[in-house]
Amino acid sequence: MLNNATIDKLITMKLKVMADAYIVQEQDPSYRGIEFSDRLAMLVDAQYNQRQDNRMKRLVKAAALDQPDASVMNIDYHSGRNLDRRMIQKLATCEYIVDSLNIFITGATGSGKTYLACALAMEALKQYITVKYVRLSDFLLESTVAWDEKRYDKVLQTYAKPRLLIIDEWLAMTPDANDLHAIKELIHRRRRKSSTIFCSQVLKEGWYQALGGANTEAEAILDRITYDGYEINIEYTDPAKAVSMRKIYSRLKPID
């Protein structure tokens, strides 16, 4: 027999999923032969799983990934891109985040840099690790506006706080002096506390020049990131047969 008072109390305590599961148990005769402790465990599991589900959805939304459908399981190793499967499987464990190490993903346009970064980010989200995605140009524009509106520190904190940050289109343009300061400040706040995935069309050895060459800001930025991380250069073994990974991965997107 349903105990309406118990159901009302569960709902009042914001345990609606448990209340719904309790109603199902009371109305289904097959549950009557199950031990009380087992039935209680089922009710708790229903509520717990729902809360974990909601938590995951919040984290995914906050991450604002460019490709939230990306998956390590769907990474293409057969398009002649010379990807190291073992390294990617190792990175998928997220141990690099525990050790506060970075990942540097370089390659030409359409080589799948962003997809790989987002796939690794999804593995972090599955472990309830906070993630944030941003294009470098968007971060710099937001920083400039925030400086004028006197909320610069708040914006920096938005990108400094997540345990994993993806900076896409890294050094696609040469930053000016103000930009360099913002980048250095962000990197400094994240150093040895969190991990960053840098996605860039510029090979790592060209970053110094891309940052403007001989200046103390460029040296400080590179000094804080280049010695602690994994390098993945996505390079086609036969450039003549190169195919855009946007075309490959677009086939994996769910159809509404």
Side-chain angles (χ1 to χ4, degrees), residues 63-92 96-97 101-124 131-141 159 164-176 179-180 182-183 186-187 190 195-213 218 221-222 224-253:
L65 296 179
D66 181 72
Q67 299 185 41
D69 297 319
S71 170
V72 167
M73 298 296 292
N74 291 331
I75 290 174
D76 187 293
Y77 294 98
H78 308 290
S79 299
R81 293 187 297 156
N82 200 27
L83 286 177
D84 187 335
R85 187 191 293 264
R86 288 186 180 179
M87 176 184 283
I88 291 172
Q89 289 175 339
K90 178 180 179 181
L91 294 174
Y96 70 97
I97 299 176
L101 298 177
N102 300 319
I103 300 176
F104 312 105
I105 305 176
T106 55
T109 298
S111 60
K113 301 183 298 297
T114 301
Y115 187 93
L116 175 56
C118 289
L120 292 174
M122 286 304 301
E123 292 304 305
V131 176
K132 189 72 176 174
Y133 169 94
V134 69
R135 293 181 178 85
L136 180 61
S137 57
D138 290 339
F139 164 71
L140 294 176
L141 177 60
Y159 297 103
L164 176 62
L165 175 68
I166 298 173
I167 303 181
D168 205 352
E169 298 178 7
W170 170 251
L171 302 183
M173 42 151 328
T174 301
D176 62 23
D179 293 339
L180 285 172
I183 294 170
L186 175 63
I187 297 301
R190 294 185 56 78
S195 298
T196 304
I197 299 178
F198 299 86
C199 299
S200 180
Q201 295 178 36
V202 182
L203 291 177
K204 197 176 171 189
E205 52 265 31
W207 288 5
Y208 184 67
Q209 283 303 122
L211 284 166
I221 290 167
L222 293 179
R224 285 165 170 76
I225 65 174
T226 55
Y227 302 109
D228 304 313
Y230 294 88
E231 296 184 32
I232 301 175
N233 180 33
I234 304 177
E235 187 176 21
Y236 286 95
T237 52
D238 185 354
K241 297 180 180 178
V243 58
S244 173
M245 298 313 295
R246 289 192 180 91
K247 182 178 180 180
I248 298 292
Y249 289 131
S250 66
R251 301 170 188 164
L252 302 175
K253 292 183 179 179

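The analysis underlying the following values was restricted to heavy atoms, covering all of them including side chains, and did not include hydrogens, waters or symmetry mates.
Distance alone, capped at 3.5 Å, is enough to place a donor-acceptor pair between the R190 side chain and the Y159 backbone. Of the possible donor and acceptor atoms, one in the side chain of W207 sits under 3.5 Å from a partner among the backbone N and O of V202. No donor-acceptor pair closer than 3.5 Å links the side chain of K90 to the backbone N or O of R85. Although no hydrogens or angles enter the test, the distance criterion places a donor-acceptor pair under 3.5 Å between the side chain of D84 and the main chain of R86. The backbone N or O of I105 lies less than 3.5 Å from no partner atom in the side chain of S200, so there is not a single donor-acceptor pair. Using modelled atom types, no side-chain atom of K204 and backbone atom of T106 make a donor-acceptor pair closer than 3.5 Å.
Under the 4.5 Å side-chain criterion, counting only non-hydrogen atoms from C-beta, I221 is in contact with L180. You'll find the side chain of V72 stays beyond 4.5 Å of the side chain of M122, heavy atoms only. Between I197 and W170, every side-chain heavy-atom pair lies at or beyond the 4.5 Å cut-off. You'll find the side chain of I183 reaches within 4.5 Å of the side chain of L136, heavy atoms only. A 4.5 Å side-chain heavy-atom check between D66 and R135 finds at least one atom pair inside the cut-off.
The two residues I232 and L91 come nearest to each other via the heavy atoms CD1-CD1, 3.8 Å. Between L165 and I167, the shortest heavy-atom distance links the atoms CD2-CG1, 3.8 Å.
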ask   = Do Y230 and F104 pass the ring pair (Phe, Tyr, Trp, His ring centres under 6.0 Å) test, and can you show the C-alpha distance, the side-chain angles, and the key distance before you say yes or no?
value = CA-CA 6 Å; Y230 294 88; F104 312 105; 9.3 Å; no
*asked:* Applying side chain to side chain contact (heavy atoms under 4.5 Å, CB included) to N82 and I234, what does each step give before you reach the verdict?
replied: CA-CA 7 Å; N82 200 27; I234 304 177; over 6 Å; no
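Using a 3.5 Å distance cut-off with no hydrogens or angles, the side chains of N102 and S195 do not pair a donor with an acceptor. No donor-acceptor contact under 3.5 angstrom links the side chains of T114 and Q67, judged on distance only.
In this structure, Y133 has no ring pair (Phe, Tyr, Trp, His ring centres under 6.0 Å) partners at least two apart in sequence or on a different chain.
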